[in-house]
Amino acid sequence: MAQVDVTVNGREYRITCDDGQESRLMRLAGHYDNRVREIADDLGQIGDARLMLLAALTVCDDWFELKERVADLEKASDALDPETTGAAGRAIEAAASRVREIAASLDAT
């Protein structure tokens, strides 16, 4: 097991993680620290426990919102029949092909 030192709201914490997950943990801690600092900037230093709780709740709120969006997108894609999906894919590929042709002709000049 690896150990990583992370800083949240100016305080350092040593966290244990699986080997190879150190950089991911650092990114997560950095994101969380940004949330904590945003709340501290808005509300002031209201105590570590309250700051941590509010930051955790805002991160959870973001996560729930993203889960709902993914579910909505999955429902929307389920509503498309294979012919519509295939036609959309062909239209996109045709447009991409045309863009490549235009780019090639511009490169030739």
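Taking CD of E65 as the start and SG of C60 as the end, the distance is 13.0 Å to the nearest 0.5 Å. Residue E38 holds its CD atom at 10.0 Å from CG of D33, rounded to the nearest 0.5 Å. The line from OH of Y32 to OG1 of T7 is 14.0 Å long, rounded to the nearest 0.5 Å. Within the model, atoms CG of N9 and CG of N34 stand 11.5 Å from one another, a figure rounded to the nearest 0.5 Å. One finds the CG atom of L25 at 9.5 Å from the OG1 atom of T16 (value rounded to the nearest 0.5 Å).
Side chains of D5 and Y13 form no contact here, defined as non-hydrogen atoms less than 4.5 Å apart. Contact check for M1 versus C17: no side-chain heavy atoms found under the 4.5 Å cut-off. Between V4 and R14, every side-chain heavy-atom pair lies at or beyond the 4.5 Å cut-off. The shortest distance between side-chain heavy atoms of R27 and H31 does not fall below 4.5 Å. In this structure the side chain of V6 never reaches within 4.5 angstrom of the side chain of E12, judged on heavy atoms. When side chains are defined from C-beta on, L54 counts as touching L43, because their heavy atoms get closer than 4.5 Å.
By the rule that hydrophobic residues join a cluster once side-chain heavy atoms approach within less than 4.5 Å of another member, I15 and V36 end up as members of one cluster. One hydrophobic cluster, built from ILVMFWY side chains closer than 4.5 Å, cannot hold both I39 and L28; they sit in different ones. A single hydrophobic cluster is not seen to contain both I92 and I102; linkage of ILVMFWY side chains at heavy-atom distances under 4.5 Å, directly or through other members, places them apart.
Using a cut-off of 4.0 Å between Lys/Arg side-chain N and Asp/Glu carboxylate O, D41 and R37 are scored as not salt-bridged. Electrostatic pairing of R100 and E93 counts as a salt bridge here, judged by a charged N lying under 4.0 Å from a carboxylate O.
Under the side-chain hydrogen bond (donor to acceptor under 3.5 Å, both in side chains) criterion, Q3 pairs with no residue, sequence neighbours left out.
Proximity of a side-chain donor or acceptor of E101 to a complementary backbone N or O of V99 within less than 3.5 Å is not detected.
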